[in-house]
Amino acid sequence: MDLDLVNMFVLAGGTLAIPILAFVASFLLCPAALIRFYYWYWRMTLGMQVKYAEYGNYRFSYSSRGKPSIKPSILMLHGFSAHKDMWLSIVKFLPKTMHLICVDMPGHEGTTRSCIDDYSIEGQVTRIHQFVECIGLNRRPFHLIGTSMGGNVAGVYAAHYPTDICGLTLICPAGLQYPNESKFVKELKSLEQTRDVSKVPLIPSTPEEMEEMLKLCSYVRFKVPHQILQGLVDVRLPHNEFYQELFLQIVGEKSRHTLQENMGMISAPTQVIWGKQDQVLDVSGAEVLGEAISGCRVDLLESCGHSVVMERPRKTAKLVVEFSSSLQKLRSESNKKLA
């Protein structure tokens, strides 16, 4: 979750052609603005264009690169309290010939937020299907990727709309009954009696809490300057009330084990990627999926926590490309048989 921002200093001192005094001033006086600039800069550098799709009075915000081709398009679903730009670290290592789409999940960033919307996992699946139909992505089966909360949504989507997708990649997904409890789940149990969501480690409101969240989500330990931590908090604070409401929905009875309840209906070729040192959602969930989904490919990453995309972007991209290539091969063989 925003771990790639530690690279900001490298960019500011090297590849960004801005005066050093202006950089220092913006860093000290308004770190949140610098963080927003950072994402804008990387979108431009990587060729990701921000677009919008309308479904009635509902608006989806997404970024994309490339055009549909014989290769499967890729749709990426981010996790809780993140946004479409979290995928930039992996986009950097994906071939430019791939058609990529990163959408802001319901209520997040530029996608509509409404107090009457259903933010349960099933409700989010319905919204993502509306988005897919809006942009015509399912004219051909596509490769669906989701991480954490987005992995839960992706898995349930694959179960509900099997003809839409040709392959599924789940990166440390939520929604399972994990044989082993993670550090995060144990902490949640201690908060369950009070239902005080302001204390949930994934919803920080101070630089100190942000630092603890980064430690929880990543195995690699970064020394992040206080100003960057403050900037990350400043960006998130206006949305914390929504994150609190959303969190209650996705850990409630309706959504807590939605992937577990639907995984037996997943028929698409499936890939599971998980960090062995995940403290948020225990890696034992990988075995649950591997046993339930026929032919499921499981890749466990050493020295990696929950923020797989941020901690191991190059390795994750390599695994995704390999899996995507296998999907294209399967489609070609299927077309030959039909001919």
Side-chain angles (χ1 to χ4, degrees), residues 1-8 35 38-39 76-90 105 108-109 145-154 170-176 178 180-191 197-226 228-237 239-240 243-244 246-247 250-251 272-286 299-316:
M1 293 186 180
D2 297 325
L3 295 176
D4 56 334
L5 287 166
V6 296
N7 295 322
M8 188 178 297
I35 287 169
Y38 169 86
Y39 284 123
M76 300 179 177
L77 308 182
H78 64 72
F80 171 77
S81 78
H83 47 75
K84 58 184 174 294
D85 292 330
M86 69 150 284
W87 295 106
L88 293 175
S89 55
I90 186 176
M105 297 294 282
H108 289 73
E109 199 73 7
I145 301 176
T147 184
S148 198
M149 179 192 77
N152 193 354
V153 174
L170 302 177
I171 303 174
C172 44
L176 297 170
Y178 306 88
N180 301 324
E181 286 187 344
S182 66
K183 176 182 178 181
F184 175 65
V185 170
K186 289 176 181 176
E187 288 182 20
L188 280 187
K189 284 189 172 181
S190 67
L191 294 172
V197 286
S198 67
K199 302 298 183 183
V200 172
L202 298 182
I203 311 177
S205 56
T206 67
E208 292 73 24
E209 289 175 358
M210 173 59 71
E211 186 171 32
E212 288 305 308
M213 186 190 83
L214 295 180
K215 288 179 180 177
L216 177 68
C217 292
S218 65
Y219 174 77
V220 179
R221 290 291 178 259
F222 298 104
K223 186 173 177 57
V224 185
H226 186 273
I228 291 295
L229 294 171
Q230 184 63 62
L232 292 171
V233 170
D234 290 345
V235 168
R236 294 170 63 98
L237 271 178
H239 310 288
N240 272 3
Y243 295 152
Q244 291 168 4
L246 172 63
F247 187 80
I250 62 176
V251 300
V272 173
I273 303 174
W274 218 303
K276 280 191 174 181
Q277 285 73 37
D278 192 337
Q279 297 183 91
V280 179
L281 299 171
D282 194 80
V283 67
S284 57
D299 293 292
L300 304 182
L301 305 186
E302 295 283 356
S303 304
C304 183
H306 187 66
S307 299
V308 170
V309 174
M310 304 300 181
E311 294 181 78
R312 302 290 295 279
R314 189 189 296 271
K315 178 64 174 179
T316 305

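Keep in mind the model is a prediction, meaning the values are calculated, not measured.
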CA sep, side-chain torsions, deciding dist, call: Val280, Cys172, side chain to side chain contact (heavy atoms under 4.5 Å, CB included): CA-CA 9 Å; Val280 179; Cys172 44; over 6 Å; no
Verify side chain to side chain contact (heavy atoms under 4.5 Å, CB included) between Leu246 and Met149, making sure each step is shown before the conclusion. CA-CA 11 Å; Leu246 172 63; Met149 179 192 77; 4.2 Å; yes
Apply side chain to side chain contact (heavy atoms under 4.5 Å, CB included) to Leu202 and Cys217, showing your working. CA-CA 9 Å; Leu202 298 182; Cys217 292; 3.9 Å; yes
Does the side chain to side chain contact (heavy atoms under 4.5 Å, CB included) test come out yes or no for Gln244 and Val200, once each step is laid out? CA-CA 8 Å; Gln244 291 168 4; Val200 172; over 6 Å; no
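For the side-chain hydrogen bond (donor to acceptor under 3.5 Å, both in side chains) test, residues two or more places apart in sequence or in another chain that qualify with Ser205 are Glu209. Remark: Tyr219 engages no residue in a ring-ring contact (aromatic ring centres under 6.0 Å, His included) (not counting sequence neighbours). Checked against side-chain hydrogen bond (donor to acceptor under 3.5 Å, both in side chains), Asp282 has the following partners two or more places apart in sequence or in another chain: Ser284. For Lys276, the salt bridge (charged side-chain N to carboxylate O under 4.0 Å, His left out) partners are Glu302, not counting sequence neighbours. Remark: Lys186 pairs with no residue by the salt bridge (charged side-chain N to carboxylate O under 4.0 Å, His left out) rule, at least two apart or across chains. Listed by chain and number, the residues in a salt bridge (charged side-chain N to carboxylate O under 4.0 Å, His left out) with Lys215 are Glu212 (sequence neighbours excluded).
Going from atom CZ of Phe80 over to atom CG of Asn152 covers 13.5 Å, rounded to the nearest 0.5 Å. Going from atom OG1 of Thr147 over to atom NE2 of His306 covers 5.5 Å, rounded to the nearest 0.5 Å. Of the inter-residue distances, the one linking His239 atom NE2 with His108 atom NE2 reads 9.5 Å to the nearest 0.5 angstrom. Atoms CD1 and CG, from Ile35 and Leu232 in turn, are 4.0 Å apart once rounded to the nearest 0.5 Å. From Arg314, atom CZ reaches atom CD1 of Ile90 across 12.0 Å, with rounding to the nearest 0.5 Å. To the nearest 0.5 angstrom, Leu216 atom CG is 8.5 Å from Ser307 atom OG.
Looking at Glu211, its side chain never comes within 3.5 Å of a backbone N or O of Leu229 through a donor-acceptor pair. Side-chain atoms of Gln277 do not come within 3.5 Å of backbone N or O of Gly305 as any donor-acceptor pair. In this structure, the side chain of Thr316 does not engage the main chain of Val309 through any donor-acceptor pair within 3.5 Å. Between the His78 side chain and the Gly150 main chain, no donor and acceptor come within less than 3.5 Å of each other. When atom types are taken as modelled, the side chain of Asp278 and the backbone of Cys304 share no donor-acceptor pair closer than 3.5 angstrom.
Here the closest non-hydrogen pair linking Arg236 and Ser81 is NH2-OG, 3.1 Å. Nearest heavy-atom pair across Ile145 and Trp87 is CG2-CH2, 3.9 Å. Minimum heavy-atom separation, Pro313 to Ser89: CB-O, 3.3 Å. Of all heavy-atom pairs between Val233 and Met210, the closest is CG2-CB, 3.7 Å. Across every non-hydrogen atom of Ser303 and Arg312, the tightest pair is O-NH1, 4.5 Å. Gln279 and Ser218 make their closest contact through NE2-O, 4.4 Å (heavy atoms, listed as atom of the first residue, atom of the second, distance).
For an aromatic pair to be called close, the ring centres must be under 6.0 Å apart, and Tyr39 with His83 satisfies this.
Leu188 has its side chain within reach of Phe247: a pair of non-hydrogen atoms, C-beta onward, lies under 4.5 Å apart.
Using a 3.5 Å distance cut-off with no hydrogens or angles, the side chains of Asp234 and Gln230 do pair a donor with an acceptor.
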